[in-house]
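Heads up: the structure comes next, in structure tokens.
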There are 2 protein chains.
Amino acid sequence: MNRAAPSLPAQATQVGLAVDVAAFAMHGGELQVLLVERGELPHARDWALPGGFVQPGEELHEAALRELRTETSVDLEPRHLEQFYTFGALGRDPRGRVVSVAHLAVLPHGTVRVTAGGHTVGAAWQRAHHPPRLAFDHQAILDRALGRLQLRLEYANLALEFLPDTFTLPELQTVHEAILNRKLDKRNFRKRLLAQGNLVPSGERRSGVGRPAQLYRRAKNVRSAAL
Amino acid sequence: MNRAAPSLPAQATQVGLAVDVAAFAMHGGELQVLLVERGELPHARDWALPGGFVQPGEELHEAALRELRTETSVDLEPRHLEQFYTFGALGRDPRGRVVSVAHLAVLPHGTVRVTAGGHTVGAAWQRAHHPPRLAFDHQAILDRALGRLQLRLEYANLALEFLPDTFTLPELQTVHEAILNRKLDKRNFRKRLLAQGNLVPSGERRSGVGRPAQLYRRAKNVRSAAL
DNA sequence: ACAAAAGTGTTGGAAGTACACCCATGA
DNA sequence: TCATGGGTGTACTTCCAACACTTTTGT
């Protein structure tokens, strides 16, 4: 280790460092993404992913959580957050050079209420596969986030994060279908998920319109989706 | 579009923006990573991944290519480069806050000669799985790069990038083994690769010590590894 | 002839896909 | 009784992993 701690050399470009968060949840059988309505220029009144500038002395993931908290009132644990790509193209922000480290977040079930704060005038869930027009290059960020989310579905049992403690298999299947944006075969889906051994029947059943469905919960030893 | 182009707000943290490149090649049947010996503080005389600060008006991938060119004399096409993770932890650089966007590069076969330039005093290939002690957090960057490289091997026929136009199946297998860092079964390997249909026998054979091996080239329609 | 590396097939298990009917309940 | 959604099994295919001997060449 060197004792000397010289400061940044002159040729080091100084840029604005930002984070953006693509936060997903399931509502009404559809995959939703959390968006905010900007209150300031540029792109005032446009929808955007929650995000903003990193503060001095703040880690990237801390900044992402803070922005999410202040702009949408959603308080998240670090383990539900994953950095997935950095957007730094020239001209992506009209104010100057801003590099944004984009994060993927999976919101635990029940995170429904969102309220605008900070510099935003609105915060709302929107259909992830059919969002409104987005500010900056946020559509590109969202596209890449969706791709990453689908990749994660294979490994981690990510879908469980979107559901309450107990849930039915048809509900779980709906989550998978919403993320993958396509229909799955019921029998094959159940076979695969149950064979995995991560689900245990709770004994209870849930009545609805048709035949009541068996309720399941995640097995004890299953680690919650490592993002 | 807004006409107004306000400058960055006061709360925008300004940080040093850097890129680093983990560039790989095959030499002597082993996966090698391109390292430079630093000539300046901090970490003078330590080995590091090629990289440096992004210049104003320069895209991230351009900066990565430029640093690679000036520090190691390796000239690369953009399609051989992929951004894979951004390292921005506080304290990762003693000079101040520096965020580094790390890139993965696969060097086309034949890229052997490297010469130090810029602020470096040395440039050399080193064993990717057994590198010397690295400066900053570059060991973590290298680890993640290796992981990404292994993932890429499945999809894209990445391994072909490491070989000349014509090559033998044992050579191709060696590349896979070097990247995965484990041995593969010869028969299964050949079956899988040939079934893929991306290889065509060139008709020629290559003589060496034992029985001569059939030479192959990639099929016409095979896109070269999309990184 | 021998050393050295290339080349070749079969079998078993695991995982995925396609596909159609019966069951339990509430209205 | 009927409408609604829940629940079940089989056959086929594909992919992967394990495994050992023969062939061709140079020396």
Side-chain angles (χ1 to χ4, degrees), chain A residues 26 28-30 150-160 163-164 166-218 222, chain B residues 26 28-30 150-160 163-164 166-217:
Chain A
M26 289 289 306
E30 264 196 308
Q150 292 175 359
L151 284 182
R152 286 293 172 220
L153 202 49
E154 301 170 12
Y155 306 84
N157 40 352
L158 181 67
L160 294 183
L163 291 172
T166 63
F167 50 87
T168 67
L169 281 181
E171 285 169 352
L172 183 56
Q173 181 172 348
T174 302
V175 174
H176 279 250
E177 289 175 341
I179 292 175
L180 296 176
N181 207 18
R182 64 186 172 93
K183 287 292 181 186
L184 300 175
D185 182 273
K186 190 177 16 169
R187 287 161 292 186
N188 295 334
F189 179 79
R190 300 169 76 90
K191 204 187 320 172
R192 195 157 49 81
L193 269 286
L194 290 176
Q196 208 163 306
N198 290 339
L199 304 182
V200 294
S202 76
E204 308 281 306
R205 287 188 300 162
R206 170 173 302 163
S207 283
V209 175
R211 172 176 172 172
Q214 179 62 248
L215 283 170
Y216 290 82
R217 63 180 77 251
R218 70 177 61 173
V222 179
Chain B
M26 289 289 306
E30 263 196 309
Q150 292 175 359
L151 282 182
R152 286 293 172 221
L153 202 50
E154 301 170 12
Y155 305 82
N157 39 353
L158 181 66
L160 295 182
L163 292 172
T166 64
F167 50 88
T168 68
L169 280 181
E171 285 169 352
L172 183 56
Q173 181 172 349
T174 302
V175 174
H176 279 250
E177 289 175 341
I179 292 176
L180 296 176
N181 205 20
R182 64 187 172 91
K183 287 291 181 187
L184 299 174
D185 181 274
K186 190 176 17 168
R187 288 161 289 187
N188 293 336
F189 179 79
R190 300 169 76 90
K191 205 185 320 170
R192 196 157 49 83
L193 267 286
L194 291 177
Q196 208 162 306
N198 290 340
L199 305 181
V200 294
S202 78
E204 307 283 306
R205 287 188 300 162
R206 170 172 302 164
S207 283
V209 175
R211 169 176 175 173
Q214 178 62 248
L215 284 170
Y216 290 82
R217 63 180 78 248

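A note on names: the letters A, B, ... follow the listed sequences, proteins ahead of strands, and every chain is numbered from 1.
- Taking for each of B:Pro170 and A:Ser207 the nucleotide of DNA chain C with the nearest heavy atom, the 5'-most of the two is the partner of B:Pro170.
- The distance from atom CZ of B:Phe189 to atom C1' of C:dG7 is 14 Å, rounded to the nearest whole Å.
- In this entry the distance linking CD of A:Glu204 with P of C:dT25 reads 14 Å, nearest Å.
- A straight line from CD of A:Glu154 to C1' of C:dG16 spans 13 Å, rounded to a whole angstrom.
- To the nearest angstrom, P of C:dA5 lies 19 Å from CG of B:Leu172.
- Distances were taken from every side-chain heavy atom of A:Asn188 (C-beta onward) to each of D:dA18, D:dG26, C:dT17; the shortest belongs to C:dT17.
- No side-chain donor-acceptor contact under 3.5 Å links B:Gln214 to the backbone of B:Pro201.
- Which of D:dG26, D:dG7, C:dC19 sits closest to the side chain of A:Arg211 comes down to D:dG7.
- Where A:Val209 and A:Asp185 meet DNA chain D, the nucleotide closest to each residue was compared, and A:Val209 sits on the side nearer the 5' end.
- Between the CZ atom of B:Arg190 and the C1' atom of D:dT22 there is a distance of 13 Å, rounded to whole Å.
- Rounded to an integer number of Å, the gap from CZ of B:Arg187 to C1' of D:dC21 is 9 Å.
- Residue B:Arg205 is classed as a sugar-phosphate contact, given heavy-atom separations below 4.0 Å to backbone atoms only.
- Rounded to a whole Å, the CZ atom of B:Arg206 is 17 Å from the C1' atom of C:dG7.
- With hydrogens and angles ignored, the 3.5 Å screen pairs a side-chain donor or acceptor of B:Asp185 with a backbone N or O of B:Asn188.
- Between A:Leu172 and A:Phe167 the shortest heavy-atom distance is CD2-CE1, 4.2 Å.
- For a distance-only test at 3.5 Å, the side chain of A:Lys191 fails to qualify as a donor-acceptor partner of the base of C:dG16.
- Remark: the backbone N or O of A:Ala178 is not paired with any side-chain donor or acceptor of A:Glu30 at under 3.5 angstrom.
- Side chain of A:Glu177 to main chain of A:Arg182: no donor-acceptor pair is present (N/O by atom type, distance under 3.5 Å, no hydrogens or angles).
- The side chain of B:Lys186 sits closest to C:dT8 out of D:dC19, C:dT8, C:dG26.
- The NZ-P distance, from A:Lys183 to D:dG5, rounds to 12 Å in whole Å.
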